[in-house]
Amino acid sequence: MKKTLNQQGLLPLAVLLGIIVAASAIGAGVYLTRQVLAPLAPLGSQTISLDFLTSDQLTLENIERSPLLKSKKLLPDGSSEYLLTSYLLGRDSKVIAKDGQILFRRLINFTSDNKPLPKFSGYQKKLGDPEEIITGSKYYGYNIHTYIYPNKGYSLVGNPQTDEIFELQRFTPTTLDDYKTKWTEDLNPNNFQNYEVF
Amino acid sequence: MIRGVLPITVVFLLVVAILTSTGQIDSPLNFFSKAEGVPSADVCNDKDKIENKIDSSLVKNPHFAQGLSNWTSFGMGDVSVIDSYGIAVPTLQIVASGPFSGGVYQVVDNLKPGTWYHAFYTTAQDEQPKTIPPAIREIGVDLNGGTNSNQATWGARRSGGQPDKDAGKVGGWKTMGNKNNPLITFKATNPKATIFLKASSQSTGNYKVWMDSVYLGEDCNSGVTVNPPTIDPKIDQPAPTSITCGISKIKMSITPQNPKVGDEVTLFLQSSNNSEGTTFTNKTFDGLSNFQTNWATEIPNKIDPLGNISPDVWPSNTLYGKAKVDKLPFTWTHTWKNCAANNCQITSELCSKTFNSQTGEQTTPAKPISAPTAANPAQALKDEFGVNLQGFNNSQSQLAYQTLSTTKNTKFPELLKSSQNTVIIPSQTNLSLTSPDCKLPIQLLLNHPEQSFKYSLIHELGHRIYFCAPSTKNNYAKHDNVFFQEGPVSIYSACPPPNAPPDWSKVEDFAETIAFTLIPSTNQLITNAPPGCNITGKKFSDGANPLKDNSKFPAHFQFAKELLKQ
């Protein structure tokens with residue numbers, strides 16, 4: 001006849017073990033939830049800076065631990081797309097990585113405190129003239145420029161009338177053709193340069 | 001009848017001939033359509049007296065044949081009284097830029113106290129631009145021979161305002177058509193009385209007014225058909241203030257009517273029905289103390305264009321306060337500014353009225369506080385708003401200036417100035433256009449009706465702000481978010497034309513939001529969706545102003561409020 005755990009005097013030990021396992025599971029769950037499904041910061045109360053996205057020291061670990069991370073998804077080519085909350089409700093900041101390497105990132109410059117945006121002229125001093133300027137952005141509008149520095153791994157999206165840069169993109173330095181092949185999501189070269197609204 | 005009318009007709013035909021030949025009016029037909037009726041003199045059905053009627057007028061120099069002899073001019077605003085207009089045909093001409101009020105008066109003697117009299121004159125006028133209402137022409141009397149036009153009693157019938165459709169025969173005097181010449185009927189109380197002829201307008205524009213053939217004589221029907229204004233002791237109609245205080249009519253009164261020192265008096269302030277938008281600015285007392293009021297809670301709140309509850313904006317109402325009488329006589333002065341309906345930013349005058357416990361009400365002439373017109377509107381637009389209007393005539397420039405003046409207490413002028421030297425030229429097409437290239441001028445369509453012109457001006461300038469002002473000024477990102485949340489606010493912005501850029505709706509939404517906020521009285525200009533654009537169930541589908549309040553698009557409403565008043 002088998003003895004029960006209680007009869008063997010092991011029940012308290014089993015209960016303790018169960019508690020430890022359960023606590024660990026809950027803790028891990030909370031950790032994972034925080035890391036992967038970071039709660040959205042409410043509009044207007046966004047105080048966590050996205051500046052780290054521009055850092056040369058940016059790592060995937062930084063991204064995955066960011067409280068601004070909204071989602072992560074696997075793309076058909078095997079790369080991962082991370083979307084991070086930005087101040088714009090309609091456009092997230094974004095990182096694309098593959099094999100542990102960050103290939104592309106975009107940072108929305110608008111902030112809830114309406115800080116002045118960086119100027120194209122400032123970038124121009126550092127980066128020189130862009131290799132190409134494309135007029136027309138799917139998101140920002142037909143009059144918006146994308147200034148492309150493919151071999152330096154930068155592109156800038158902004159309003160040429162006000163010299164403001166709305167969005168900064170960084171990517172692995174490449175050729176102009178390669179850039180146009182890979183990172184065209186927002187480019188909308190159009191014939192609207194002279195379009196006048198009424 | 002014929003003998004009586006003939007001289008007047010001849011006079012007017014001569015005036016018309018001269019005016020036509022000098023280009024003052026474009027055709028005799030137009031002149032007579034503005035003359036609003038030359039009196040046909042068949043007074044008392046006594047044809048024997050008719051021929052002498054004008055010539056026997058109790059006023060001297062009734063045709064102004066001797067210029068302004070026996071007449072004294074008065075006026076407020078930019079007004080000139082010119083005698084003996086014309087070479088062969090003398091008449092009185094008033095040339096003015098509105099808002100204005102002015103005319104002439106004459107003290108007459110030898111009236112019979114207790115006898116009814118009536119007085120009238122013929123008149124014509126011309127207004128520029130044609131969109132403004134005709135000048136109001138009135139005749140008034142001071143039964144004591146006083147010479148202050150503000151204290152005159154004005155006739156029940158006037159020209160240029162509401163036509164008196166019942167005045168086919170008034171005071172025994174036949175009139176022509178529904179619009180009649182100014183007329184007053186009164187019972188003399190003294191041998192002396194003063195007759196006032198006055199023209200006025202609250203509109204911005206240029207006027208010419210002609211007056212002639214001033215008749216004063218006994219009223220054969222003894223005032224049976226037209227009585228002088230009566231005062232209902234219970235209702236106590238508000239007395240008109242200075243006419244230059246616009247539509248406001250304020251009546252001040254107290255209870256008890258003959259207080260003693262130490263008494264508590266109740267002060268009543270009543271505005272006429274049409275003084276909507278009158279805004280209290282100040283009050284002063286001399287001889288009263290311990291003033292207490294609950295006006296702030298009693299005044300029905302009105303909403304200003306930016307949606308703020310404005311307790312100082314009040315419609316027709318009886319307001320009151322209580323105070324203790326320290327000395328007699330005491331005075332109470334109430335000061336207010338006039339506002340257009342639902343828009344207290346269109347203010348032109350500061351009006352003031354004083355109640356003296358011994359002598360009653362006195363009106364202080366209005367003082368301009370923020371002139372809606374400018375001597376050089378194009379320059380004023382440049383100086384005050386950074387807007388360079390090129391190729392528009394003076395009245396269009398004035399309208400543009402007046403429109404932008406209504407935004408002065410908002411951040412709109414500051415936004416414009418941050419939008420890079422805005423140039424506006426007449427449109428070369430059938431559309432008003434704004435380029436995203438800030439170096440190119442806005443093209444504004446000229447032949448809009450007035451309200452559409454104002455709306456289009458603000459709308460296009462809204463585009464300019466969207467394209468050309470820094471994002472810290474135009475709150476670009478915030479608008480992006482409210483558009484993301486609520487979508488477009490109007491039929492126009494929701495229905496892009498064929499081949500429009502993909503961000504059409506967002507761009508138009510910004511301009512529409514600004515225009516609907518700054519011109520709350522406007523409805524949507526486009527009220528029918530083009531084929532292929534389904535607006536069923538949309539909050540803007542009724543064609544009304546979608547931002548009149550915050551019920552339809554609260555995020556847009558709040559955004560506009562912050563943008564324009566931040």
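Proteins get letters first, then strands, A, B, ... in listed order; numbering begins at 1 in each. The structure displayed is predicted, hence computed values, not measured ones.
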Inset, instruction - Measure up the F467(B) and Y142(A) rings against each other and bin them: parallel (under 30°), tilted (30 to 60°), perpendicular (over 60°). - result: perpendicular

Inset, instruction - Measure across P436(B) and N143(A) and return the closest heavy-atom pair with its distance rounded to 0.1 Å. - result: CB-CB, 3.7 Å

Inset, instruction - Kindly compute the distance separating CG (N159(A)) from SG (C438(B)), expressed to the nearest 0.5 Å. - result: 7.0 Å

Inset, instruction - State whether the number of non-hydrogen atoms from other residues, nucleotides or ligands found under 6.0 Å of D383(B) atom CG is greater than 12. - result: yes

Legend entry - OH on Y476(B) to CG on L117(A), rounded to 0.5 Å: 10.0 Å

Legend entry - Of Q161(A), K119(A), E164(A), the residue whose pairing with P470(B) passes side-chain contact (heavy atoms from CB on, under 4.5 Å): E164(A)

Inset, instruction - Please name the pair of heavy atoms, one in D503(B) and one in Y140(A), separated by the smallest distance, quoted to 0.1 Å. - result: OD2-O, 4.0 Å

Inset, instruction - Can you measure from CG (L88(A)) to NZ (K478(B)) and round to the nearest 0.5 angstrom? - result: 12.5 Å

Inset, instruction - Can you tell which part of A511(B) gets under 4.5 Å to a heavy atom of chain A, answering side chain, backbone, both or neither? - result: neither

Inset, instruction - Return yes if some donor-acceptor pair links the side-chain N/O of N481(B) with the main-chain N/O of Y87(A) below 3.5 Å, else return no. - result: yes

Legend entry - Whether over 12 other heavy atoms sit under 6.0 Å from K538(B) NZ: no

Inset, instruction - To the nearest 0.5 angstrom, please state how far the NZ atom of K473(B) sits from the OG1 atom of T162(A). - result: 13.5 Å

Legend entry - K506(B) charged N/C atom sitting above Y139(A) aromatic ring, 6.0 Å / 45°: yes

Inset, instruction - Quick one: pull up CG in D113(A) and OG1 in T472(B) and give me the separation to the nearest 0.5 Å. - result: 11.5 Å

